Amino acid sequence: MPARTAWQASAPLANLRRRGEIVARIRAYFAAQGLLEVDTPQLCPATVTDPHLESIEVAGYGYLQTSPEYAMKRLLASGSGSIWQIAHVFRGNEIGRRHNPEFSMLEWYRVGFTPEQLMAEVASVARLALGEVRCASHRYRDLFHRHLGLDPLRCSTAALRQAAREHGELAFDDADRDTWLELLMSQAIEPHLGRDELCFVIDYPPSQAALARLRNDIDGQPVASRFELYFRGIELANGYHELLDAGEQRARFAADLQRRSELGLPAVPIDEDFLAAIGSGLPECSGVALGLDRLLMLALGADSLQEVMAFPFGRN
Amino acid sequence: MATYSTNEFKSGLKVMLEGDPCTILENEFVKPGKGQAFNRVKLRNLKTNRVWEKTFKSGDSIEGADVIDRDMQYLYNDGEFFHFMEPENFEQHQASSATVGDAALWLREQDTCTVTLYNGAPLAVSPPNFVELEIVQTEPGIRGDTATGGTKPARLSTGATVKVPLFVNEGEIIRCDTRSGEYVSRVKS
C-alpha cells in the first residue's frame, strides 16, 4: 500500500462515493415525501442543558450546537409543517471509533405523527442505506429483565450497582441511578441489540425523558415516550414524542442545571427563544435524530467513523 | 505526579491504579445516547504483568505513575542481582531475578536492553526485540536440508532454547525474535 500523506482523506474515495450515493437517496426520499429541507444555525447564543452533552463554546459568539433540535422546533412552532435536514453538530470530548466531535445529524420532525409511525419511517430511511433488514421493538424494561433479571423502573439503586459490578471491573464505586442504568445498558444490553434486525428500544425511564413527553405504559408504569434505534449493537437514532408543555420543559432545564452544578460542570444559558416557541404552541409531532456517519459506517461494513468521514477530527 | 483525565488517556500512558503502576494498552470511549459517557480501558499492571479491563466514568481523573523506560547496558549477574548501567551518566541499577524474569534468557553482557524504572528503581526489563546469539548445544545438522521445514531444539549461550531448522549447527550465531521466542535467521560471521 502506498504511504498516505496527512493532507489526504482518511476515508477511501470509494467509501466517500458510496456516502454521496446514500445521501442522495435520503434527499430524494424526503423530497418525495414532501418534507421541507431546512438549514438552521450551528452557532447560537444558547445551547442544551443536558449534563452529559458538552457544548463547544465559541468566545464572544455562543455555542456550537449539539443538535439542530431547538431551532427546528422554533420553525415547527412558526408553522413550517414537517421538516428535515442534515446538520453538522458538535460535541466536546467525544472522540473514539464511534465518536467524532463534529458529525452529521440527520434530523426530522413529522407533524401529526405518533412515535410508532415515525419508527416505521426511521426503519424505511435506515433501509435506504442498509438494504432489506427486518425490524423489531423492545421495551427498555423487558430488555433489562431478559438480560439482567432486573426491573429498571422499580428495583433499588443498590441492585443496579450490584449488577453493574458483576458486569465488569469498575474504576468507580459511586454513581447516581441513571449512571448505573446507562452503564448496564452499554455493557450488558447494547452488544445484544440489533444483531440481525433494526432494533427499536422504547419506553425509557422517566428520568431519561430529555425532550420526550411521559405516558403510562401497558402496565400503568410512567415511562418516557422516547425511542432509540440500534443496529449491530450500535446506537443509531434517538426519537421523541415531543413534549409540548413549556412549563414542564423549563422544569427539566432547571433540573439539568442543578445537576450540572452538583457535578461541577459549567452552567449554560437556557434557550429562552426555544421555550417561548414551545409556549406559543408546538404542533403535535414526533421527531428523530439519526447519526448519519454511523449509519454509513454500518452500511459500508466499516468498523470506525474514520473510514466514512473525509477528514475526521485529528486529520482536519 | 500529574493527574490525567480520561480525556487524556492513550496507549502508553503510565498511571496508578489500586496502588500499582500500570500502562494503558487500549482506551475505548463509550457513550449511551445522551447519558453518562464511559471509558473502557485495558491496562497492564506493570508489577504483576496482569491485564486489567476497567470501566471509568468519562471525566474522572487518576494519578500518573512515575514510570520511565531507559535504555541501559546489561553488565553482569552477581548470582543474586542483575546489574545495569545508564550509558549517559554511568549510573548503575540492580534488579532481582524476579524483576528481570524471562528477559534473563536473552541478556548477554554488554548488550543494550530497556529497563523500566518505577520511582527510580527497576520494575521490569525487556531485551531488544532481536538478538544475535550463539548456539551452545543442538543435535548435529543435516547438510543440505534447507527446505523440509523440520525443526529441532537449540540451546543458546544465554540460556534460552529455541526451535531451529535442521541445517543449523552448534557454534553458529542465529538471530531470534525475543517477543515470540522464535528463530529468525542464521547470521553470517
Side-chain angles (χ1 to χ4, degrees), chain A residues 48 50-54 66-67 91-101 164-165 167-176 178-187 189-191 201 204-205 207-212 226-230 234-238 256 259 263-265 289 291, chain B residues 1-67 118-119 123:
Chain A
V48 293
D50 304 54
H52 299 301
L53 288 182
E54 183 184 328
T66 62
S67 110
R91 296 182 180 186
N93 277 318
E94 297 195 6
I95 302 171
R97 278 188 307 150
R98 308 280 153 76
H99 294 86
N100 198 66
R165 294 166 64 129
H167 277 84
E169 288 195 51
L170 306 178
F172 59 93
D173 209 31
D174 185 39
D176 60 25
D178 279 314
T179 297
W180 294 124
L181 288 172
E182 282 147 4
L183 183 66
L184 286 167
M185 188 72 182
S186 68
Q187 303 270 71
I189 299 177
E190 274 184 12
V201 180
Y204 276 71
S207 56
Q208 295 178 25
L211 286 82
R226 167 183 171 190
F227 66 83
E228 292 235 8
L229 171 61
Y230 287 86
I234 293 168
E235 181 193 354
L236 273 180
N238 177 36
D256 280 351
R259 189 76 192 118
L263 293 170
L265 297 167
Chain B
M1 208 58 207
T3 60
Y4 296 97
S5 142
T6 56
N7 297 331
E8 299 169 281
F9 284 10
K10 56 173 193 258
S11 79
L13 185 72
K14 309 290 195 294
V15 293
M16 294 299 294
L17 193 62
E18 295 178 17
D20 281 350
C22 298
T23 184
I24 291 179
L25 301 174
E26 286 172 32
N27 171 32
E28 188 171 20
F29 179 77
V30 187
K31 189 171 194 300
K34 297 190 162 197
Q36 168 75 48
F38 303 99
N39 289 63
R40 250 180 239 153
V41 185
K42 231 183 233 178
L43 312 100
R44 182 187 300 283
N45 182 320
L46 293 171
K47 269 194 173 159
T48 63
N49 241 4
R50 236 189 80 201
V51 174
W52 266 339
E53 237 185 289
K54 288 267 183 189
T55 300
F56 290 76
K57 272 189 280 183
S58 296
D60 281 359
S61 292
I62 51 174
E63 206 186 328
D66 179 13
V67 171
Y118 169 49
N119 292 336
L123 179 69

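Please read all numbers here as calculations on a predicted model, not as lab measurements.
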Exercise. Of the non-hydrogen atoms in B:F38 and A:F172, which two are nearest, and what is the gap between them?
Worked result: CE2-CZ, 4.1 Å
For this session: For B:Y118, check ring-ring contact (aromatic ring centres under 6.0 Å, His included) against everything at least two apart and list the hits.
Result: none
Exercise. Side chain, backbone, both or neither: which part of A:A164 has a heavy atom under 4.5 Å from chain B?
Worked result: neither
Could you list every donor-acceptor pair linking chain B to chain A (distance under 3.5 Å, backbone and side chains)?
{"residue": "B:E28", "atom": "OE2", "partner": "A:R97", "partner atom": "NH2", "Å": "2.6"}
{"residue": "B:K31", "atom": "NZ", "partner": "A:H52", "partner atom": "O", "Å": "3.0"}
{"residue": "B:G33", "atom": "N", "partner": "A:E235", "partner atom": "OE1", "Å": "2.7"}
{"residue": "B:G33", "atom": "N", "partner": "A:E235", "partner atom": "OE2", "Å": "3.3"}
{"residue": "B:K34", "atom": "NZ", "partner": "A:Y240", "partner atom": "OH", "Å": "3.2"}
{"residue": "B:Q36", "atom": "N", "partner": "A:E182", "partner atom": "OE1", "Å": "3.0"}
{"residue": "B:R40", "atom": "NE", "partner": "A:Q187", "partner atom": "OE1", "Å": "2.7"}
{"residue": "B:R40", "atom": "NH2", "partner": "A:S186", "partner atom": "O", "Å": "3.3"}
{"residue": "B:R40", "atom": "NH2", "partner": "A:Q187", "partner atom": "OE1", "Å": "3.2"}
{"residue": "B:K54", "atom": "NZ", "partner": "A:E169", "partner atom": "OE1", "Å": "3.1"}
{"residue": "B:T55", "atom": "N", "partner": "A:E169", "partner atom": "O", "Å": "2.9"}
{"residue": "B:T55", "atom": "O", "partner": "A:A171", "partner atom": "N", "Å": "2.9"}
{"residue": "B:T55", "atom": "OG1", "partner": "A:Q187", "partner atom": "NE2", "Å": "3.0"}
{"residue": "B:K57", "atom": "NZ", "partner": "A:D174", "partner atom": "O", "Å": "2.7"}

Exercise. Among A:L183, A:L263, A:L53, which residue forms the greatest number of heavy-atom pairs with chain B at distances under 4.5 Å?
Worked result: A:L183
